[in-house]
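Notes follow once the structure below has been shown.
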Amino acid sequence: MAETAWSELEFVVVRRLGGIVTVRLNRPAKMNAINSGMEKEFYSVLADCNRIDSVKCVLLCAAGPNFSSGHDIAQVASETVGGLEPETIEDKYWVHTGDLLPPWRFTKGLVVAAKGFVGPHANTFLLAADVVVAAENTRFSWEESRVGVGAPYGPYALMPFHFPIRVMKHLWMTGGWLDADTARDLFYVNRVVPLGDEEAVAMRFAEQIARMDTGDLVANKRGIHRLYEAAGLSAMVDVGRDPYVPDAQAAVAKEHHLRLIHEKGVKAAVQARDSGWDDEVSKV
């Protein structure tokens with residue numbers, strides 16, 4: 001995609017200022033739920049920025065009060081139980097690629113300004129980012145795993161490199177969540193700032209990154225990522241290529257969740273999902 005086509009994108013708003021490109025998730029009425037179209041557009045812009053020598057950093061932020069609820073589970077439900085033809089990315093089902101996603105392979109700087117709710121798939125962007133700045137009201141959620149998502153495949157394989165084992169178990173095994181202060185204490189985010197300041201502070205980080213020589217920036221990031229890949233990341237990603245197959249009872253529960261989404265909407269399904277769960281115990 002040419003840079004001139006960025007203004008025509010449907011689900012993200014892109015603005016360039018010198019060496020910094022700002023990508024804003026733009027489905028605020030849907031809590032910026034990441035549908036296949038948004039994902040494709042974001043990845044296309046990242047690919048463009050990789051090719052443009054003068055681009056040094058991408059700043060990812062969001063319109064509205066929330067960063068993103070994660071996967072658009074309404075689309076997932078429509079494709080799973082509603083008969084809609086499943087969308088693909090790089091010839092694979094867009095939801096479960098079992099691979100590290102393009103944000104990990106992006107060679108320039110990637111800074112995220114988070115606020116409000118950050119759902120599971122939105123966290124895959126944060127897991128791969130170089131810097132994350134969070135507003136004080138941010139909630140980092142893995143609560144969707146309460147209805148069954150299997151092993152931490154593909155991009156979620158980055159979790160053990162961010163979290164101690166008991167934190168990862170708390171998040172993944174029991175559908176837990178983090179507030180902004182805990183995320184900072186665990187070094188999942190670089191800064192916690194008052195709501196409304198997150199984009200300005202994230203831009204300060206982007207400007208710092210943009211001062212680097214492009215060759216040095218790319219080489220340093222590539223080297224750091226290769227260290228983690230050599231430390232076992234690539235083997236962890238392979239978990240996604242041998243996925244967990246749920247037993248009959250679990251499969252029925254997951255289908256019921258998806259049917260509830262498809263027939264009564266996401267809000268009703270999430271309320272049913274969270275019924276009886278202790279929010280304080282679920283918090284890491």
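Criterion: ILVMFWY side-chain heavy atoms under 4.5 Å apart, direct or through other members. Under it, Val95 and Leu260 are not part of a common hydrophobic cluster. Residues Tyr228 and Phe125 share a single hydrophobic cluster, defined by chaining ILVMFWY side chains whose heavy atoms lie under 4.5 Å apart. Leu17 and Val45 fall into different hydrophobic clusters, where Ile, Leu, Val, Met, Phe, Trp and Tyr side chains are chained together by heavy-atom contacts under 4.5 Å. Taking hydrophobic clusters as Ile, Leu, Val, Met, Phe, Trp and Tyr residues chained together by side-chain heavy-atom distances below 4.5 Å, Leu84 does not share a cluster with Leu258. One hydrophobic cluster, built from ILVMFWY side chains closer than 4.5 Å, cannot hold both Val13 and Val55; they sit in different ones.
Sorted by first and then second residue, the side-chain hydrogen bond (donor to acceptor under 3.5 Å, both in side chains) pairs with a member in residues 193-206 read Arg24-Glu199; sequence neighbours excluded. For residues 184-194, the set of pairs meeting the side-chain hydrogen bond (donor to acceptor under 3.5 Å, both in side chains) definition, not counting sequence neighbours, comprises Asn123-Tyr188, Asp181-Arg184. The stretch residues 42-54 participates, sequence neighbours left out, in these side-chain hydrogen bond (donor to acceptor under 3.5 Å, both in side chains) pairs: Trp6-Asp48, Arg16-Ser54, Glu39-Tyr43, Asp48-Arg51, Asn50-Thr107. Sorted by first and then second residue, the side-chain hydrogen bond (donor to acceptor under 3.5 Å, both in side chains) pairs involving residues 210-224 (not counting sequence neighbours) are Asp130-Lys221.
The side-chain heavy atoms of Leu25 and Met38, taken from C-beta on, include a pair separated by under 4.5 Å. A 4.5 Å side-chain heavy-atom check between Asn26 and Glu10 finds every atom pair outside the cut-off. Residues Phe42 and Pro103 meet the side-chain proximity criterion, which asks for heavy atoms closer than 4.5 Å.
Within a 6.0 Å radius of NZ in Lys40, more than 12 heavy atoms belonging to other residues, nucleotides or ligands are found.
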Does Val76 form a side-chain contact (heavy atoms from CB on, under 4.5 Å) with Tyr93? I'd like the steps, not just the answer. CA-CA 10 Å; Val76 175; Tyr93 180 42; 4.1 Å; yes
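Annotation: the span from Ser68 atom OG to Lys115 atom NZ amounts to 12.0 Å, rounded to 0.5 Å. Annotation: the span from Phe11 atom CZ to Ile34 atom CD1 amounts to 12.5 Å, rounded to 0.5 Å. The line from OG of Ser7 to CZ of Arg15 is 14.5 Å long, rounded to the nearest 0.5 Å.
Applying the salt bridge (charged side-chain N to carboxylate O under 4.0 Å, His left out) test to Lys169 and every residue at least two apart in sequence or in another chain returns nothing. Not counting sequence neighbours, Ser78 has no partner by the side-chain hydrogen bond (donor to acceptor under 3.5 Å, both in side chains) test. Annotation: side-chain hydrogen bond (donor to acceptor under 3.5 Å, both in side chains) contacts of Arg273 (sequence neighbours excluded): Glu144.
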Residues 150-166, side-chain donor-acceptor partners within the protein, below 3.5 Å, at least two apart:
unit_1, atom_1, unit_2, atom_2, d
Tyr156, OH, Pro120, O, 3.4
Tyr156, OH, His121, N, 3.3
His162, NE2, Leu127, O, 3.0

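Side chains of Glu143 and Ser282: a donor-acceptor N/O pair is absent below 3.5 angstrom, by distance only.
Within the hydrophobic cluster formed by Ile, Leu, Val, Met, Phe, Trp and Tyr side chains joined at under 4.5 Å, directly or through other members, Phe117 is accompanied by Met31. Connectivity analysis of hydrophobic side chains (ILVMFWY, heavy atoms under 4.5 Å, direct or indirect) links Val131 to Ile20, Leu59, Val111, Val133, Val193, Val201, Met203, Phe205, Ile209, Met212, Leu217. Under the 4.5 angstrom side-chain criterion for Ile, Leu, Val, Met, Phe, Trp and Tyr, Val218 has no cluster partners at all. Cluster partners of Val281: none. The rule joins Ile, Leu, Val, Met, Phe, Trp and Tyr whenever side-chain heavy atoms lie under 4.5 Å apart, and it links nothing here.
Of the possible donor and acceptor atoms, none in the side chain of Lys283 sits under 3.5 Å from a partner among the backbone N and O of Trp177. Side-chain atoms of Ser69 never come within 3.5 Å of backbone atoms of Gly119 as a donor-acceptor pair (strictly under, hydrogens ignored). With Thr174 contributing its side chain and His170 its backbone, the two residues share a donor-acceptor pair below 3.5 Å.
In summary, Asp179 and Arg139 do not engage in a salt bridge, as defined by a charged side-chain N under 4.0 Å from a carboxylate O.
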